2 protein chains.
Amino acid sequence: MKKTIFIFTSLIIALLALFQISKYHLISQDVSIQFVIATIAVVFFIIGSVINKKTSHSITVSSQEINQAKINELGISNREHEVLCKVAEGLSNKEIAHQLYVSENTIKTHVSNLLAKLNAKRRTQAIQIAKKLKIIPL
Amino acid sequence: MKKTIFIFTSLIIALLALFQISKYHLISQDVSIQFVIATIAVVFFIIGSVINKKTSHSITVSSQEINQAKINELGISNREHEVLCKVAEGLSNKEIAHQLYVSENTIKTHVSNLLAKLNAKRRTQAIQIAKKLKIIPL
DNA sequence: ATTATACTCATACTAAAGTATGAATTTCAT
DNA sequence: ATGAAATTCATACTTTAGTATGAGTATAAT
């Protein structure tokens, strides 16, 4: 987001600089200022699209806004949600335990509670349900 | 895509029309044509971003075509792919066996082979990898 | 202070999942 | 027809996952 704004600002400055030069060449000769402006519009339209496409890969896909309301509704705690995300990443209970510095038994408890809250029979089903409810990122 | 081009074209025309009017007002009075152009650039930059965001939602998310080439590359058979999809739906081996009218042992074999081909340690990881490779639907 | 919630952990299970190996069938292209 | 690949299945294991129960700690709200 910050990068986008930075690029955008530099481009505006570059545009103004270029215009400063062209001012006495193109416009004073009246070489269709409409054409100049149209070109600028096209260029910036394309720039806007390209930048958005690049960032949308990490915005549209990864930040698939999570449904916090649903999480609360299901009574899923912060820790449980954290574990749920790790489960969805394909980690084992042991691996999650190591990452969160707790015992494997603790993770088992969290997962078991999650399955009950999500009304799932298995962790794979929990992942599917959680994604449908948008409580974990795609 | 066609819609984007259509909107884009209309906007260009609208811009030129607006310029035709402003020509004798803003520019002749020399009210900083740089400002006018900068505004146009900003507007089109935003338009480009917005249009791209709207279209990317129905291209990136909904029509997520499966990568058949990758499936072949990994040597995943039809039956294995079928099982993989069921696994991703959150079904147990027993449930998949019932749905496909084969024994649970057969499903275990398929899953085991899938894990090897996808280089995964667990079925949950296989799901994650398969989704990243776009060999199963979101 | 005390109740409620969240988080932690253990033990002892049961149930799935996954591996390894070997083998019988079927399918399909050469 | 024959060899290769795909599909099916079994048996015997090992390893994870998941359940049930009980309990200790910490924290925040009443």
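Just so it is clear: chains get the letters A, B, ... in the order the sequence lines come, proteins before strands, and each one is counted from 1. Please read these numbers as outputs of a predicted model, since none were measured by experiment. FYI, side chains are in, hydrogens and waters are out, and symmetry mates aren't considered; it's all heavy atoms of this structure.
Of the residues in residues 107-115 of chain A, those lying under 4.0 Å from DNA chain D by heavy-atom distance are A:Lys108, A:Val111, A:Ser112, A:Leu115. Within residues 86-103 of chain B, the residues approaching DNA chain D are B:Val102, B:Ser103, by heavy-atom distance under 4.0 Å.
With rounding to the nearest 0.5 Å, the separation of NZ in B:Lys94 from NZ in B:Lys108 is 9.5 Å.
Residues satisfying the salt bridge (charged side-chain N to carboxylate O under 4.0 Å, His left out) criterion with B:Glu82, sequence neighbours excluded, are B:Arg79.
For B:Glu104 and D:dT8, the CD to C1' distance is 14 Å, given to the nearest whole Å. Here D:dA6 presents its P atom at 8 Å from CD of B:Glu80, a figure rounded to the nearest Å. Look at CG on B:Asn72: it is 15 Å from P on D:dA5, rounded to the nearest Å. Straight-line distance from the CD atom of B:Gln125 to the P atom of D:dA17: 11 Å, rounded to whole Å. As a whole-Å value, the separation of A:Arg79 CZ from D:dA26 C1' is 14 Å. When rounded to the nearest whole Å, the span between CG of A:Asn105 and P of D:dA17 equals 13 Å.
A donor-acceptor pair is defined here as one N or O able to donate and one able to accept, closer than 3.5 Å; such a pair exists between the side chain of A:Arg122 and the backbone of B:Gly90.
Between B:Lys117 and B:Arg122, the residue anchored nearer the 5' end of DNA chain D, judged by the nucleotide with its closest heavy atom, is B:Lys117.
The rotation axes computed at either terminus of the helix from C:dA1-D:dT30 to C:dT30-D:dA1 lie 50° apart, taking five pairs at each end and rounding to 10 degrees.
When all heavy atoms are compared, the tightest approach of A:Leu115 to A:Ala126 is CD2-CB, 3.7 Å. Across every non-hydrogen atom of A:Gln128 and B:Ala88, the tightest pair is OE1-O, 3.1 Å. Closest heavy-atom contact between A:Ile136 and A:Cys85: CG2-SG, 3.9 Å.
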Please walk me through it: do B:Leu114 and B:Val87 pass side chain to side chain contact (heavy atoms under 4.5 Å, CB included)?
-> CA-CA 11 Å; B:Leu114 275 167; B:Val87 167; 5.6 Å; no
Side chain to side chain contact (heavy atoms under 4.5 Å, CB included) between A:Leu74 and A:Leu133, worked out = CA-CA 11 Å; A:Leu74 294 170; A:Leu133 298 177; 3.9 Å; yes
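Contacts between chain B and DNA chain C, taken as any atom within less than 4.0 angstrom of a protein heavy atom, begin and end at C:dA17 to C:dT19.
The closest side-chain heavy-atom distance from A:Lys131 to B:Lys131 is below 4.5 Å. The shortest distance between side-chain heavy atoms of A:Leu118 and A:Leu84 falls below 4.5 Å.
Among A:Glu95, A:His81, A:Gln99, the single residue meeting the side chain to side chain donor-acceptor pair (under 3.5 Å) criterion with A:Lys86 is A:Gln99. Of the candidates B:Asn93, B:Leu100, B:Thr106, B:Leu91, B:Val83 forms a side chain to side chain contact (heavy atoms under 4.5 Å, CB included) with just one, namely B:Leu100.
The side-chain hydrogen bond (donor to acceptor under 3.5 Å, both in side chains) analysis of residues 109-121 of chain A, with sequence neighbours excluded, yields the pairs A:Glu80-A:Lys117.
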